Amino acid sequence: MTLFLATQETAGLLDLSLSFVVEVIAFVAMILILGRYVYPRVMAAAEGRQRQIAEQMAAAERARQEAEARLHEIEARLQDARRQAAEIIEGAGRSAEQLRLELRARAEEEARRIAESARRDIEAERQKAIDSVRGEVADLVVAATEKVVGETLDDKRHRALIERAIAQVGEDSRN
């Protein structure tokens with residue numbers, strides 16, 4: 001046992017083997033090579049990717065802001081279009097009401113004109129009928145007078161006599 005202890009005592013923590021030294025040198029060399037050539041490239045690629053992502057995020061934010069601005073603009077245009085449509089509808093309603101009133105006034109005027117024309121026609125026909133009846137009455141009176149008197153009166157005297165008789169009959173019928 002003493003021998004075993006002696007060998008263990010000689011092989012302590014500081015006993016370095018050649019393979020361990022080579023591994024440490026290889027590890028350090030690898031760290032230096034990676035730090036010198038690989039790490040900067042990886043970092044540059046990562047920074048590039050980070051810049052690209054940041055640019056895409058900024059572009060997305062600008063696109064979102066532009067979309068919101070367009071949305072507000074479209075909403076404003078839509079409100080204007082709705083307002084204009086309401087104004088057009090209101091104007092059309094006013095125009096329709098005005099047209100209806102004008103057409104009604106024209107129809108009433110036409111009805112008055114037709115009624116007045118009918119009154120004039122009726123009055124003219126009535127006057128024609130009265131004149132015709134007067135003429136016939138005058139002829140009958142002249143014929144009756146000739147039979148009663150037995151002589152012929154001149155036309156001027158007949159007319160004067162008839163006019164007096166008709167005026168007297170007209171006054172009697174009015175009273």
Side-chain angles (χ1 to χ4, degrees), residues 34 37-175:
L34 287 175
Y37 299 106
V38 176
Y39 182 72
R41 289 184 181 174
V42 168
M43 288 305 293
E47 287 174 358
R49 181 70 178 143
Q50 189 175 10
R51 274 193 308 274
Q52 185 181 18
I53 290 171
E55 289 172 1
Q56 288 175 349
M57 293 285 288
E61 181 63 23
R62 283 191 304 270
R64 186 189 64 78
Q65 290 173 352
E66 288 175 7
E68 285 180 1
R70 286 182 187 150
L71 178 64
H72 291 301
E73 181 181 333
I74 289 170
E75 287 175 350
R77 285 182 183 175
L78 182 61
Q79 288 291 53
D80 284 344
R82 285 181 179 154
R83 182 185 49 77
Q84 288 175 352
E87 289 174 2
I88 289 169
I89 290 170
E90 184 178 329
R94 285 192 306 263
S95 295
E97 181 64 22
Q98 184 178 1
L99 182 60
R100 187 184 66 79
L101 291 174
E102 287 176 7
L103 289 175
R104 185 175 186 179
R106 285 181 192 168
E108 288 173 355
E109 181 62 31
E110 182 69 16
R112 279 193 293 273
R113 188 185 62 75
I114 290 171
E116 184 61 32
S117 176
R119 274 191 222 107
R120 282 193 306 266
D121 291 346
I122 290 170
E123 184 60 33
E125 288 299 320
R126 185 173 137 312
Q127 192 60 43
K128 242 192 238 181
I130 289 173
D131 290 344
S132 174
V133 168
R134 277 187 182 170
E136 289 178 21
V137 168
D139 290 341
L140 289 174
V141 169
V142 169
T145 305
E146 283 178 355
K147 286 185 181 184
V148 172
V149 173
E151 63 181 80
T152 305
L153 301 173
D154 67 48
D155 193 38
K156 191 174 184 184
R157 287 178 66 198
H158 282 160
R159 293 286 170 199
L161 181 63
I162 294 167
E163 290 297 324
R164 274 189 302 215
I166 291 174
Q168 189 176 10
V169 170
E171 286 177 16
D172 290 342
S173 68
R174 288 184 196 155
N175 291 332

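Excluded from the calculations below are hydrogen atoms, water molecules and symmetry mates; all remaining heavy atoms, backbone and side chain alike, are included. The structure displayed is predicted, hence computed values, not measured ones. Residues: numbered from 1 along the sequence shown.
The 12-atom threshold is not exceeded at CD of Gln50, counting heavy atoms of other residues, nucleotides or ligands nearer than 6.0 Å.
Residues satisfying the side-chain hydrogen bond (donor to acceptor under 3.5 Å, both in side chains) test with Glu61, not counting sequence neighbours, are Arg64, Gln65. Residues passing the side-chain hydrogen bond (donor to acceptor under 3.5 Å, both in side chains) test with Arg112 are Glu109, sequence neighbours excluded. With sequence neighbours excluded, no residue satisfies side-chain hydrogen bond (donor to acceptor under 3.5 Å, both in side chains) with Arg164. Every residue meeting the side-chain contact (heavy atoms from CB on, under 4.5 Å) condition with Gln52, not counting sequence neighbours, appears here in chain and number order: Arg49, Gln56.
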Compile the donor-acceptor pairs under 3.5 Å between side chains in residues 118-128 and protein atoms, sequence neighbours left out, one pair per line.
unit_1, atom_1, unit_2, atom_2, d
Arg119, NH1, Glu116, OE1, 2.9
Glu123, OE2, Arg126, NH1, 3.1
Gln127, NE2, Asp131, OD1, 3.2

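Applying the side chain to side chain donor-acceptor pair (under 3.5 Å) definition to pairs two or more places apart or across chains, those involving residues 86-95 are Arg83-Glu87, Glu90-Arg94.
A distance of 8.0 Å separates CZ in Arg70 from CD1 in Ile74, rounded to the nearest 0.5 Å.
Of the charged side-chain nitrogens involved, at least one lies within less than 4.0 Å of a carboxylate oxygen, so that Arg104 and Glu108 count as a salt-bridged pair. Under a 4.0 Å N-O distance rule, the pair Arg77/Glu73 qualifies as a salt bridge.
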